[in-house]
Amino acid sequence: MFQNKKIYVMFALILAAAFISAGFTVRASAMKAQKQVECVSQSINVTPAYRSVCVKMQTKIEELQKKKEAEAEAKARARAKAKAEAERLEQEKLLASIIFCEAGNQSYTGQVAVGAVVMNRLNHKSYPDSLEGVIYQKGQFTPAVTGWLDKVRNRNGYTDSAMRAAKDALNGSNPVGNCLFFDRGGSGMKIGDHFFH
């Protein structure tokens, strides 16, 4: 009977280690297997050498478990980073597209200024709280209404200059202060063909 229990303990330890190594268990099941091994090993009299083997195997199980958890956390961080980078790229493309449509023939400063107006609206309580919401808000930007914006956006038809201006505006570059509007007539801060107010 004693020998059978020894074999059972060794089998349970090896099986638990194999499951964890293969990635077939979660933390809860691994802990359950470990506690089962501990209960069995404490319920019988074992030699110091055999107990030492049990301790080593339990340590190995814990190491494998920690390794699996670390790998899972690293994968989760990598996925989150990739998602954030993809979302940022889409924001850059959208802002570059509206900058190109509204100010593609203006100076670089004029392009950043248009991007800054969009960002000012994004940060203002009277406007939608997403970049897409601001740009596609009904009746605000003519290229969004006519469909030109979508064509530029879908084909990545913006210029390198518009993309740089979009990145600068997203990073806080703002030559127009708190301005929320721009047009080609009227009053306000003049940059190229546009008046910002």
Side-chain angles (χ1 to χ4, degrees), residues 23-29 65-197:
F24 294 138
T25 61
V26 293
R27 181 180 178 86
S29 59
Q65 183 178 318
K66 287 177 182 178
K67 181 180 178 182
K68 287 291 179 186
E69 289 173 354
E71 288 174 354
E73 288 173 6
K75 287 179 181 178
R77 285 194 300 270
R79 283 193 299 269
K81 182 180 178 182
K83 182 180 178 182
E85 289 174 351
E87 289 173 353
R88 174 71 176 197
L89 180 59
E90 286 306 309
Q91 287 187 328
E92 290 172 353
K93 288 180 177 181
L94 175 57
L95 190 55
S97 296
I98 194 64
I99 288 172
F100 173 77
C101 291
E102 293 282 9
N105 62 346
Q106 300 298 303
S107 68
Y108 184 72
T109 301
Q111 292 179 37
V112 175
V114 168
V117 167
V118 175
M119 296 307 295
N120 285 346
R121 290 187 179 195
L122 179 60
N123 295 318
H124 195 280
K125 63 182 180 181
S126 299
Y127 292 90
D129 60 0
S130 71
L131 194 64
E132 188 143 352
V134 167
I135 292 174
Y136 284 97
Q137 187 177 18
K138 188 175 180 179
Q140 295 301 307
F141 294 97
T142 302
V145 176
T146 63
W148 184 28
L149 173 62
D150 288 335
K151 289 178 183 178
V152 172
R153 187 181 181 189
N154 292 336
R155 298 173 184 171
N156 295 333
Y158 45 79
T159 60
D160 290 341
S161 178
M163 177 54 87
R164 288 198 308 274
K167 289 180 178 180
D168 283 348
L170 283 166
N171 288 329
S173 182
N174 184 343
V176 295
N178 295 321
C179 292
L180 296 171
F181 303 91
F182 64 90
D183 51 47
R184 290 180 179 268
S187 60
M189 180 187 304
K190 190 172 189 302
I191 301 176
D193 294 334
H194 290 131
F195 290 88
F196 295 85
H197 49 94

- More than 12 heavy atoms from other groups under 6.0 Å of CG on Asn178: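 No, not enclosed.
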- Task: Inspect the surroundings of CG in Asn154 and state if more than 12 heavy atoms from other residues, nucleotides or ligands are less than 6.0 Å away.
- Result: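 Yes, CG of Asn154 has more than 12 neighbouring heavy atoms, counting only those of other groups under 6.0 Å.
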To the nearest 0.5 angstrom, please state how far the [atom1] atom of [X] sits from the [atom2] atom of [Y].
X      : Y      : atom1 : atom2 : value
Leu131 : Met119 : CG    : CE    : 6.5 Å
Leu94  : Leu149 : CG    : CG    : 6.0 Å
Ser97  : Asn156 : OG    : CG    : 7.0 Å

- Item | Partners passing side-chain hydrogen bond (donor to acceptor under 3.5 Å, both in side chains) against Ser187 (at least two apart in sequence or in another chain) |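 Counting only residues at least two positions away or on another chain, Ser187 forms no side-chain hydrogen bond (donor to acceptor under 3.5 Å, both in side chains).
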Extract all donor-acceptor atom pairs below 3.5 Å that involve side chains of residues 190-197 and protein atoms in other chains or at least two apart in sequence.
residue: Lys190; atom: NZ; partner: Gly192; partner atom: O; Å: 2.5
residue: Asp193; atom: OD2; partner: Gln106; partner atom: NE2; Å: 2.9
residue: Asp193; atom: OD2; partner: Arg184; partner atom: NH1; Å: 3.3
residue: His197; atom: NE2; partner: Asp183; partner atom: OD2; Å: 2.9

- Message: Ignoring hydrogens, what is the shortest heavy-atom contact between Glu102 and Val114? Give both atom names and the distance.
- Response: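 Nearest pair, atom of Glu102 first, then Val114: CB-CG1, 4.1 Å.
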- Where Asn174 and Ala116 come nearest, the two heavy atoms and their spacing: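 So the two residues come closest at OD1-CB, 3.5 Å.
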- Message: Donor-acceptor pair, distance only, cut-off 3.5 Å: does the side chain of Asn120 make one with the backbone of Gly177?
- Response: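 At least one qualifying donor-acceptor pair exists.
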Show me the donor-acceptor pairs, under 3.5 Å and distance only, between side chains in residues 81-93 and residues at least two apart or in other chains.
residue: Arg88; atom: NE; partner: Glu92; partner atom: OE2; Å: 3.4
residue: Arg88; atom: NH2; partner: Asn171; partner atom: OD1; Å: 2.8

- Could you note down all residue pairs passing ring-ring contact (aromatic ring centres under 6.0 Å, His included) where residues 129-176 supplies at least one of them, sequence neighbours left out?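 Non-adjacent pairs meeting ring-ring contact (aromatic ring centres under 6.0 Å, His included): zero.
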- Could you pull out all residues at least two apart from Gln137 that satisfy side-chain contact (heavy atoms from CB on, under 4.5 Å)?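 By the side-chain contact (heavy atoms from CB on, under 4.5 Å) rule, Gln137 matches Tyr127, Pro128, Gln140.
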Identify each donor-acceptor pair in which a side-chain atom of residues 161-169 lies under 3.5 Å from a protein atom, sequence neighbours left out, and give them as a table.
residue: Ser161; atom: OG; partner: Gln111; partner atom: OE1; Å: 3.1
residue: Ser161; atom: OG; partner: Gln111; partner atom: NE2; Å: 3.4
residue: Asp168; atom: OD2; partner: Tyr108; partner atom: OH; Å: 2.4

- Sequence neighbours excluded - salt bridge (charged side-chain N to carboxylate O under 4.0 Å, His left out) pairs with any residue from residues 112-134: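 Every salt bridge (charged side-chain N to carboxylate O under 4.0 Å, His left out) pair that includes a residue of residues 112-134, provided the two are not neighbours, is Glu132-Arg153.
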